[in-house]
> 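Handing you a structure now.
Heavy atoms only: backbone and side chains are in, while hydrogens, waters and symmetry mates are out. Whatever order the structure lists ligands and atoms in, that order sets their numbers, starting from 1. Model, not experiment: these values are computed from the prediction.
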Amino acid sequence: MTDSAAPAVAPTLRGRLNRLIGSPRFQALIARTPGLRRISRSEGVAMFDLISGFVQSQSLLALVELRVLHRLVDTPAAPAALAADCGLTERRMAILLQAGAALGLLKRQRDGRFALAQRGAAFLGVPGLEAMVRHHAVLYKDLADPVAFLKGETDPGLAQFWPYVFGAAGAADPEVVATYSNLMADSQALVAADTLAQVDFRGITHLMDVGGGTGAFLAAVGQAHPAIRLSLFDLPVVVEGATARFAAAGLSDRATIHPGSFRDDDLPRGADAISLVRVLFDHSDETVAALLKRVFAALPPGGRVIVSETMSGGAHPDRTTDVYFAFYTAAMRTGRVRSADEIAALLAAAGFENVRARWGYRPFIASFVTARKPGMQAAA
Ligand SMILES: CC(C)=CCC/C(C)=C/CC/C(C)=C/C=C/C(C)=C/C=C/C=C(C)/C=C/C=C(C)/C=C/C=C(C)/C=C/CC(C)(C)O
Ligand SMILES: C[S@@+](CC[C@H](N)C(=O)[O-])C[C@H]1O[C@@H](n2cnc3c(N)ncnc32)[C@H](O)[C@@H]1O
């Protein structure tokens, strides 16, 4: 701690402890003390993990771009064979494969060939994950100068990647919208699974999913709860993809599609529950407050609202959401990752009561806040 050698004000107890821990002599002492040296080593590993995270992510991106995991699904292969297929020199391919093995995605065999490890096999099976990793090229470019990014001196490319967040007019190009909608729909499988596992849907007779994309969440709800009627509300160009999805899922009779913009239009009435899945974190507090008012107006007394998205840990900062999703939504410029308490406050301000929060099993997939419109309970 060289630049803080002379404190300007009397340090607190925590400050004195910080100076002690930051002293190389103290660190050396811990490192050579039996029983304590384990702490020193594991702290070093944790620090190195932070330092090298970007390189780990870029190794993964290279494995994805070159389809290395796919190439190893059925049989192991030697670096030379993969090098030829991927257009790399054998030496560079060996570096990539060794890194993949070190990251637990591949397994290095005794004969020098590389096989797909359990984590690599699982990675390929997670819906939408490869596409997510690929699109990180845009995010990581935006974060190349993180200080300039935080000062607002850069023009993040991610803001252009998602066409809809600036309003209905942004989602005009059907091809761009399709790319975006597919990425969302693919990654929706895990969100739907966790929402269905952690939120109580009992008593709901008609669910409207606002900002529901092409209906992937509703399709999952429809399959899990055969009695629930379904309504989808999203921008006109986005919901075009929903008709085919509902037909393929055998839900055409139970599902109604409502094209519209929640910025400009009131929401259709009739549903006794409204879900907002990965919608609020795209938008400013003002937009969210106006949207929640519309949600409130559309529900009957006792009607339920379900918010499902990644949330800040708030008082307990979370490693996944308070880093990746906080920077991600900042790069989009319009939204932010809110804690369950912040979402609860916005719901209360819109008139909702009985607000309940549940931290997700996998917070990087979703956490949940539910609330009710005051009045009579909706009939079960
Ligand atoms: C029987 C034998 C032989 C062995 C048994 C071994 C065994 C049981 C293995 C288990 C393997 C297994 C089942 C693994 C499962 C792994 C899973 C399900 C992993 C899931 C991982 C999910 C991840 C990493 C999700 C990442 C999500 C991301 C990055 C989401 C990003 C979302 C964004 C950017 C959303 C943006 C929306 C916007 C634009 C802000 O509005
Ligand atoms: C991050 S996506 C989430 C989609 C889906 N709920 C999911 O989790 O996969 C946000 C959704 O909100 C929709 N959306 C954004 N602005 C909207 C608006 N003004 N009116 C209606 N939907 C809107 C987008 O089209 C998009 O489908």
> State the atoms of ligand 1, each with its element, that fall below the 4.0 Å cut-off from a heavy-atom position in Tyr328.
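Numbered from 1, ligand 1 contributes 34 (C), 39 (C), 40 (C).
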
> Would you call Phe262 a ligand 2 contact, heavy-atom distance under 4.0 Å?
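The answer is yes: ligand 2 sits under 4.0 Å from a heavy atom of Phe262.
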
> Heavy-atom distances under 4.0 Å are what count here, so tell me which part of Asp282 touches ligand 2: side chain, backbone, both or neither.
side chain

> Is Leu235 touching ligand 2 with its side chain, its backbone, both, or neither, if touching means heavy atoms under 4.0 Å apart?
both

> Show which atoms of ligand 1 fall inside a sub-4.0 Å distance from at least one heavy-atom site of Leu190.
22 (C)

> Taking atom CD of Glu130 and atom CG of Leu61, what is their separation to the nearest 0.5 Å?
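Output value for this atom pair is 11.0 Å.
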
> Would one find an N or O of Ala185, backbone or side chain, under 3.5 Å from an N or O of ligand 2?
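No: no nitrogen or oxygen of Ala185 is under 3.5 Å from one in ligand 2.
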
> Quick one: which of Ile365, Asp282, Thr310, Val126 has a heavy atom closest to atom 40 (C) of ligand 1?
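Looking at heavy atoms only, the winner is Asp282.
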
> Could you list which atoms of ligand 1 come closer than 4.0 Å to a heavy atom of Arg362?
18 (C)

> List every atom of ligand 1 that sits less than 4.0 Å from any heavy atom of Phe325, numbering the atoms from 1 in the order shown and giving each element.
30 (C), 31 (C), 32 (C), 33 (C)

> Judged by non-hydrogen atoms, does Gly260 sit under 4.0 Å from ligand 2?
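Flag set, Gly260 near ligand 2.
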
> Atoms of ligand 1 less than 4.0 Å from Met332 heavy atoms?
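Checking each atom against Met332, I get 39 (C), 40 (C).
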
> Would you say ligand 2 has an N or O under 3.5 Å from any N or O of Asp209?
no

> Show me which atoms of ligand 1 lie under 4.0 Å from any heavy atom of Met132.
31 (C), 32 (C), 33 (C), 34 (C)

> Heavy-atom distances under 4.0 Å are what count here, so tell me which part of Gln188 touches ligand 2: side chain, backbone, both or neither.
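Side chain only.
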
> Report the C-alpha separation of Asp142 and Phe327 in whole Å, then their side-chain angles, then the decisive distance to 0.1 Å, and conclude whether the side-chain contact (heavy atoms from CB on, under 4.5 Å) test is met.
CA-CA 10 Å; Asp142 289 344; Phe327 274 72; over 6 Å; no

